[in-house]
Amino acid sequence: MTNEKVYAYQYITEYRKLWMNKVSFNYRMTCEHSRGKYLFIGEIYRTTELTTNMFNIDSYSELEIALNSLPEEQKNYLRRRWYIWKCSQCDEYLFYVNENVDKNPNPYDKAYDIRINSHLDFDIKGTVIPQGMRNDIESVISDPREMIDFYYDMQSKGRRYDIQNRLFIVHHSFVNVSREFYLRCAWQSKRKIYKSFCNEVENISFYRTHNVIAGVIFILEREKNVVEHSIFSL
């Protein structure tokens with residue numbers, strides 16, 4: 001096993017432990033506020049993120065040391081940011097371990113994260129169903145095109161807007177929405193799901209919008225600790 005794969009498995013092991021040990025994230029602060037409130041909080045703490053160099057931190061213990069002097073509200077915000085970012089790295093890894101998937105060899109190139117079958121490029125985006133669309137979640141799962149357009153219109157404008165094909169990994173627990181964190185690190189299930197997606201990718205009819213193509217994999221929990229999935233195809 002290469003050093004890179006060993007490193008990725010260390011990520012996966014640590015983040016499963018974080019969930020099992022019930023590391024405390026202030027879910028209400030970060031997810032149940034209105035979008036405007038959330039963005040306002042993000043702007044307040046942006047300088048703190050740069051100061052703590054959180055994206056250069058590889059372990060939770062290191063993160064806690066770096067955040068030690070901050071107020072608890074800021075700690076919770078940055079813990080969640082860091083955790084989700086690290087989980088996204090694991091998601092990318094679980095795609096490119098498949099034989100027909102290549103990762104972008106340039107880590108500074110934002111054009112794509114993975115390339116499937118030598119011609120399908122995707123930027124991977126781990127996310128959740130927008131709060132304003134949770135009144136009829138089954139309809140969103142059946143036809144997520146409105147949600148996809150929302151993501152392109154409201155999130156990550158600039159470099160990503162109208163340029164990147166995106167593959168949205170959408171996490172939702174019907175048991176409790178806060179169990180998004182459990183679903184983000186459901187690595188054993190995700191590895192099988194991503195392998196299935198990569199094997200069937202040529203048969204998927206992707207949604208064309210904003211001059212790009214977009215796909216969606218829903219990672220779902222209808223019964224506690226039972227992970228399901230749904231792959232959207234037109």
Side-chain angles (χ1 to χ4, degrees), residues 1-31 38 41-98 101-110 113-114 123-128 156 167-171 173 176-195 217 219 221 225 227:
M1 184 177 293
T2 66
N3 289 336
E4 183 177 21
K5 289 186 177 181
V6 169
Y7 194 46
Y9 274 119
Q10 288 173 347
Y11 276 159
I12 290 172
T13 301
E14 176 153 7
Y15 304 146
R16 180 173 293 280
K17 287 180 180 178
L18 289 185
W19 174 259
M20 297 303 292
N21 291 336
K22 301 185 185 300
V23 171
S24 174
F25 298 99
N26 191 330
Y27 189 81
R28 291 183 61 190
M29 180 189 74
T30 56
C31 294
Y38 176 75
I41 291 173
E43 286 300 317
I44 291 175
Y45 295 155
R46 193 172 305 279
T47 301
T48 307
E49 290 181 16
L50 296 175
T51 302
T52 58
N53 257 338
M54 61 180 291
F55 296 115
N56 292 327
I57 295 174
D58 289 326
S59 72
Y60 182 72
S61 57
E62 290 178 61
L63 180 69
E64 285 299 291
I65 293 172
L67 302 181
N68 184 56
S69 63
L70 299 177
E72 195 62 26
E73 187 180 57
Q74 290 188 15
K75 286 181 181 179
N76 282 329
Y77 171 83
L78 294 173
R79 284 168 182 152
R80 184 179 188 277
R81 287 270 294 160
W82 178 85
Y83 180 83
I84 289 174
W85 177 62
K86 289 298 186 182
C87 285
S88 72
Q89 292 183 317
C90 292
D91 279 331
E92 291 177 24
Y93 168 76
L94 290 179
F95 274 102
Y96 66 70
V97 292
N98 293 288
V101 180
D102 297 308
K103 71 172 183 176
N104 190 331
N106 182 357
Y108 302 104
D109 177 14
K110 303 301 183 182
D113 293 323
I114 61 170
D123 172 60
I124 298 174
K125 172 69 173 178
T127 188
V128 296
S156 300
L167 177 57
F168 297 99
I169 312 299
V170 182
H171 308 83
S173 172
N176 188 319
V177 291
S178 67
R179 285 175 62 80
E180 153 204 354
F181 296 115
Y182 162 73
L183 292 174
R184 284 183 185 270
C185 66
W187 308 124
Q188 186 174 359
S189 297
K190 279 186 165 184
R191 181 159 191 167
K192 295 175 182 177
I193 293 167
Y194 297 167
K195 182 178 179 63
I217 301 176
I219 308 295
E221 183 189 42
N225 296 327
V227 179

Value rounded to 0.5 Å, distance of [atom1] in [X] from [atom2] in [Y]:
X      : Y      : atom1 : atom2 : answer
Asp91  : Lys125 : CG    : NZ    : 12.0 Å
Glu72  : Leu67  : CD    : CG    : 9.5 Å
Asp113 : Gln89  : CG    : CD    : 10.5 Å
Lys86  : Cys185 : NZ    : SG    : 15.0 Å
Arg179 : His171 : CZ    : NE2   : 13.0 Å
Phe95  : Ile124 : CZ    : CD1   : 5.0 Å

May I ask you to test the [X]-[Y] pair for a side-chain heavy-atom distance under 4.5 Å?
X      : Y      : result
Ile114 : Asp102 : no
Cys90  : Trp187 : yes
Glu64  : Ser61  : no
Ile169 : Thr127 : no

Under a 3.5 Å cutoff, is there a donor and acceptor pairing between the side chains of [X] and [Y]?
X     : Y      : result
Ser59 : Glu62  : yes
Arg79 : Asn76  : yes
Asn98 : Arg191 : no

Can you give me the closest heavy-atom contact between [X] and [Y], atom names plus distance?
X      : Y      : value
Ala66  : Ile57  : CB-CD1, 3.7 Å
Arg184 : Val128 : NH2-CG1, 4.1 Å
Val227 : Ser189 : CB-OG, 3.6 Å

Go through Ile193 and Ile219 one step at a time and tell me if the side chain to side chain contact (heavy atoms under 4.5 Å, CB included) criterion holds. CA-CA 9 Å; Ile193 293 167; Ile219 308 295; 3.8 Å; yes

Would a distance-only check, ignoring hydrogens and angles, find a side-chain to backbone donor-acceptor pair under 3.5 Å from Glu221 to Asn225? yes

Would a distance-only check, ignoring hydrogens and angles, find a side-chain to backbone donor-acceptor pair under 3.5 Å from Lys195 to Val97? no

Give the ring-plane orientation class for Phe181 versus Tyr83, where under 30° counts as parallel, over 60° as perpendicular and anything between as tilted. perpendicular

Run the side-chain contact (heavy atoms from CB on, under 4.5 Å) test against Asn104 and tell me which residues pass, sequence neighbours left out. Asn106, Asp109, Tyr112

Quick one: list whatever passes side-chain contact (heavy atoms from CB on, under 4.5 Å) with Ser88, sequence neighbours left out. Trp85

With Glu92, which residues qualify under side-chain hydrogen bond (donor to acceptor under 3.5 Å, both in side chains), at least two apart? none

